[in-house]
Number of protein chains: 2
Amino acid sequence: MNIGEASSASGVSAKMIRYYEEIGLIRPMGRSGNNYRVYGEEEVHILRFIKRARNLGFSLEETETLLKLWQDKSRESAAVKEVATAHIGDLERRIAEMQGMLKTLKHLAHCCGGDNRPNCPILDDLAGDGTPVPAARKKMRQTA
Amino acid sequence: MNIGEASSASGVSAKMIRYYEEIGLIRPMGRSGNNYRVYGEEEVHILRFIKRARNLGFSLEETETLLKLWQDKSRESAAVKEVATAHIGDLERRIAEMQGMLKTLKHLAHCCGGDNRPNCPILDDLAGDGTPVPAARKKMRQTA
DNA sequence: TGTGGAGCTTCCCATCATGGGAAGGTCAAG
DNA sequence: CTTGACCTTCCCATGATGGGAAGCTCCACA
């Protein structure tokens with residue numbers, strides 16, 4: 001199997017497959033006489049593993065750790081869970097951060113006329129013009 | 001005011017201030033005799049605007065647009081709202097994506113013993129071993 | 001007056017994961 | 001034999017930020 005085939009079989013672009021090899025995430029592939037990389041089912045399986053890990057948001061470094069654990073038949077599942085748990089915490093932190101932005105933005109957008117007049121609470125907020133926008137007298141118990 | 005002072009007054013690092021100047025986000029600053037950049041209240045205000053926009057997750061490109069709108073006294077607030085709304089959509093998409101990952105990961109982590117045995121549903125899932133993990137017989141009506 | 005340290009300047013490099021594209025070799029079908 | 005689809009390596013770009021070196025300036029203190 002050439003790289004193109006391995007690519008479509010795994011969902012990882014040829015570019016990325018070469019890159020993963022370069023950074024040592026996957027072993028350098030054997031080459032056929034024409035210097036083309038040669039892949040087998042085994043390698044495609046590994047690539048799919050990587051793809052799936054990336055889809056779940058794991059960094060390449062975390063993916064490498066998981067890959068090693070996967071291939072280590074005497075691993076302790078605790079080690080795997082630890083990586084996953086750390087990533088979960090990371091995602092939660094990032095989601096919370098974005099939700100904070102979202103909340104503020106939605107409020108600002110809600111307060112903005114969005115018409116042909118220049119007056120705009122969004123810009124006022126960005127400019128730090130005193131009050132962080134009049135108020136939100138809804139049932140939001142937000143203070144920050 | 002030198003760059004260090006402008007930096008602490010605005011919360012934007014000196015490094016970034018120079019960078020913003022380089023990419024044309026802010027006008028090149030005047031220099032004093034010693035070739036040091038000189039800042040005034042006006043500039044600090046602009047830097048704070050940028051800082052705030054960045055804190056709300058706007059890209060530098062979006063920030064530039066907002067900055068121009070801010071300085072354009074004859075803007076239409078609709079233009080500002082449009083930028084904000086697009087960004088809101090963006091955040092919502094990204095949050096949804098991460099929440100998808102989170103859901104899957106939490107489920108997998110929940111199913112993983114996290115002990116000293118090698119058996120691990122997290123790795124099984126990444127490896128794509130058939131069933132995407134036994135099941136979740138909870139009240140989740142998730143199918144994807 | 002000299003000196004040390006803090007602060008400024010520019011310039012280059014690294015990050016993280018990915019894509020684009022050029023220049024050139026290879027292979028298979030027509 | 002040509003054409004086009006592959007493959008190879010190599011370099012560059014992204015976005016926003018930080019690190020650090022080499023060399024300048026400035027101020028305060030002895």
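Order of the sequence lines sets the chain letters (A, B, ...), proteins ahead of strands, with each chain counted from 1. These numbers were taken from a predicted model, which means no experiment stands behind them. Every heavy atom of this structure was used, including side-chain atoms; hydrogens, water molecules and symmetry mates were not.
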A.B. asks: May I ask you to evaluate whether B:Arg37 reaches the phosphate of D:dT25, defined as a side-chain N or O under 4.0 Å from OP1 or OP2?
C.D. replies: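 Checking B:Arg37 against D:dT25: no side-chain N or O falls below 4.0 Å of OP1 or OP2.
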A.B. asks: Check the phosphate of D:dG15 against B:Ser59, side-chain N and O only, distance under 4.0 Å to OP1 or OP2. Yes or no?
C.D. replies: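 So the side chain of B:Ser59 is outside the cut-off, no N or O lying under 4.0 Å from OP1 or OP2 of D:dG15.
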A.B. asks: Search all heavy atoms of B:Leu66 against all heavy atoms of B:Phe49 and return the closest pair with its distance.
C.D. replies: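 Smallest interatomic distance, heavy atoms only, reads O-CZ, 3.8 Å.
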A.B. asks: Would one find a side-chain N or O of B:Arg31 under 4.0 angstrom from OP1 or OP2 of C:dT10?
C.D. replies: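 Yes, B:Arg31 has a side-chain N/O under 4.0 Å of OP1/OP2 on C:dT10.
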A.B. asks: Side chain of B:Tyr20 only, heavy atoms from C-beta on: which candidate in D:dC10, D:dT17, C:dC8 is closest?
C.D. replies: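 Within the option list, the nearest is D:dT17.
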A.B. asks: Between A:Ser13 and C:dG19, is there a contact of a side-chain N or O with OP1 or OP2 at under 4.0 Å?
C.D. replies: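 Indeed, a polar side-chain atom of A:Ser13 lies that close.
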A.B. asks: Would you mind checking if A:Glu21 and A:Arg37 are paired as a salt bridge, meaning a charged N to carboxylate O distance below 4.0 Å?
C.D. replies: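 A salt bridge links A:Arg37 with A:Glu21.
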A.B. asks: Among C:dT18, D:dT8, D:dC10, find the nucleotide with the atom closest to the side chain of A:Lys15.
C.D. replies: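 The closest nucleotide is D:dC10.
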A.B. asks: Nearest to the side chain of B:Asn34, heavy atoms from C-beta on, is which of D:dT17, C:dG19, D:dC26?
C.D. replies: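 That would be D:dC26.
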A.B. asks: At 4.0 Å (heavy atoms only), tell me whether B:Arg54 reaches a base, stays on the sugar-phosphate, or touches nothing.
C.D. replies: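 Result for B:Arg54 = sugar-phosphate.
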A.B. asks: Of the options D:dT17, C:dT10, C:dA17, whose atoms approach the side-chain atoms of B:Met16 most closely?
C.D. replies: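 In terms of side-chain proximity for B:Met16, the closest of D:dT17, C:dT10, C:dA17 is D:dT17.
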A.B. asks: Out of C:dG20, C:dT9, D:dT8, which nucleotide sits closest to the side chain of A:Ile3?
C.D. replies: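 The answer is D:dT8, which lies nearest to the side chain.
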A.B. asks: Choosing from D:dC6, C:dA17, D:dG18, which nucleotide comes nearest the side chain of A:Leu60?
C.D. replies: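 The answer is C:dA17, which lies nearest to the side chain.
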A.B. asks: Please state whether the phosphate of C:dG19, meaning OP1 or OP2, lies under 4.0 angstrom from any side-chain nitrogen or oxygen of A:Tyr19.
C.D. replies: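 No, outside the criterion.
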A.B. asks: For a quick test of reading the model: is some side-chain N or O of A:Tyr36 closer than 4.0 Å to OP1 or OP2 of C:dG25?
C.D. replies: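 No.
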